[in-house]
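Counting begins at 1 with the first residue of the sequence. Nothing here was measured: the structure is a model prediction, and the numbers come from that model.
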Amino acid sequence: MKSIIIYFSRTGQTAQVARSWSHRIHASRLEVIPMAWRGTLKEVVHYMFATLTRRDMEIDLYKVDFEKYDRIVLMVPVICGMMSAPMRTFVRQEAGKLHNVEYVIIHKGIKMRHKSLIAWLDRTLGEKHVAASSIWAGWGKEYKPARIDGESILK
């Protein structure tokens, strides 16, 4: 099965999880990168504002033919209970183009199921996910998904 992991990482934790799992399942990776002010205080403030107000952020260009992948894994970082703005922008841009999608919710706070986020992703992409799970990404932990539903390729 040919798979791709798509992720955004501001602090590096989601990137670490994506690297780890892409090596385990032999998947390609695509990092969603915001265009503006990468790494500066201004970028962090803009990122937090866009995330908390559910606004889009301009993201860097990418050219990927998603049709050639059997499984698309969206690693979705959650900040203060909200999907990160760059990932939200990516999902909105690719609505209707992604198929056989699995969601992996990456969070550091309270372990939750994120049912409303999963429902929003399904509505926005226009099809039901094949699997959804969450990973609590605390520093120094082994990143094991807590299975929510479906047949995850992250076993």
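Defined by atom type and a distance below 3.5 Å, a donor-acceptor pair is present between the side-chain atoms of Asp122 and Tyr103.
To the nearest 0.5 Å, atom CE of residue Met35 and atom CD1 of residue Ile59 are 10.0 Å apart. Distance check: Thr124 OG1 to Gln93 CD gives 13.0 Å after rounding to the nearest 0.5 Å. Between Lys68 atom NZ and Ser28 atom OG the span is 7.0 Å, to the nearest 0.5 Å. Atoms OG and CD1, from Ser133 and Ile118 in turn, are 8.5 Å apart once rounded to the nearest 0.5 Å. Annotation: the span from Met57 atom CE to His46 atom NE2 amounts to 4.0 Å, rounded to 0.5 Å.
Using cut-offs of 30° and 60° for the angle between ring planes, the Phe90 and Tyr62 rings count as tilted.
Counting heavy atoms from C-beta outward, Glu31 and Phe8 have side chains that stay 4.5 Å or more apart. Looking at heavy atoms from C-beta onward, Val73 lies out of side-chain contact with Ile4 at the 4.5 angstrom threshold. With contacts defined as side-chain heavy-atom distances shorter than 4.5 Å, the pair Met75/Trp21 qualifies. Residues Ile105 and Ile135 form no side-chain contact, since every pair of their non-hydrogen atoms from C-beta on lies 4.5 Å or further apart. Using a 4.5 Å heavy-atom cutoff, the side chains of Glu43 and Pro34 are in contact. Contact of the Val104 side chain with the Leu74 side chain is not registered, since no non-hydrogen atoms from C-beta on lie closer than 4.5 Å. In this structure, Ile6 and Ile72 have side chains that are in contact, with non-hydrogen atoms separated by less than 4.5 Å. Using a 4.5 Å cut-off on side-chain heavy atoms (C-beta onward), Ile25 and Ile5 make contact.
At least one donor-acceptor pair under 3.5 Å links the side chain of Asp70 to the backbone N or O of Lys2. Judged purely by atom type and a 3.5 angstrom limit, Thr51 has no side-chain atom pairing as donor or acceptor with the backbone of Ser84. In terms of modelled atom types and a separation under 3.5 Å, the side chain of Glu127 and the main chain of Asn100 share a donor-acceptor contact. Under a 3.5 Å cut-off, the side chain of Ser20 and the backbone N or O of Gln16 do not form any donor-acceptor pair.
For Lys97 and Phe66, the positive end is not near the middle of the six-membered ring at less than 6.0 Å and at most 45° from its axis.
Grouping the Ile, Leu, Val, Met, Phe, Trp and Tyr side chains by contacts below 4.5 angstrom, directly or via other members, places Phe49 apart from Val78. Under the 4.5 Å side-chain heavy-atom criterion for grouping Ile, Leu, Val, Met, Phe, Trp and Tyr, Val130 is not connected to Leu121 through any hydrophobic cluster.
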Decide side chain to side chain contact (heavy atoms under 4.5 Å, CB included) for Leu30 and Tyr7; before the verdict, give the C-alpha distance in whole Å, the side-chain angles of both, and the deciding distance to 0.1 Å.
CA-CA 6 Å; Leu30 171 65; Tyr7 66 97; over 6 Å; no

Could you go through Trp120 and Met83, starting from their C-alpha distance and side-chain angles, then the distance that decides it, and tell me whether this counts as side chain to side chain contact (heavy atoms under 4.5 Å, CB included)?
CA-CA 10 Å; Trp120 182 86; Met83 177 196 286; 3.6 Å; yes

Evaluation steps, side chain to side chain contact (heavy atoms under 4.5 Å, CB included), between Glu67 and His99
CA-CA 8 Å; Glu67 293 295 322; His99 306 288; 3.6 Å; yes

One pair to check against side chain to side chain contact (heavy atoms under 4.5 Å, CB included): Ser134 and His107. What are the steps and the verdict?
CA-CA 8 Å; Ser134 66; His107 56 95; 3.7 Å; yes

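When the shell of 6.0 Å around CZ of Arg92 is examined, it contains more than 12 heavy atoms from other residues, nucleotides or ligands.
We find that Arg88 and Asp56 are not joined by a salt bridge, their nearest charged nitrogen and carboxylate oxygen being 4.0 Å or further apart.
Residue pairs meeting the side chain to side chain donor-acceptor pair (under 3.5 Å) criterion with at least one partner in residues 71-81, sequence neighbours excluded, are Arg71-Glu102.
The two atoms that bring Pro86 and Tyr47 nearest to each other are CD-CE1, 3.6 Å, heavy atoms only.
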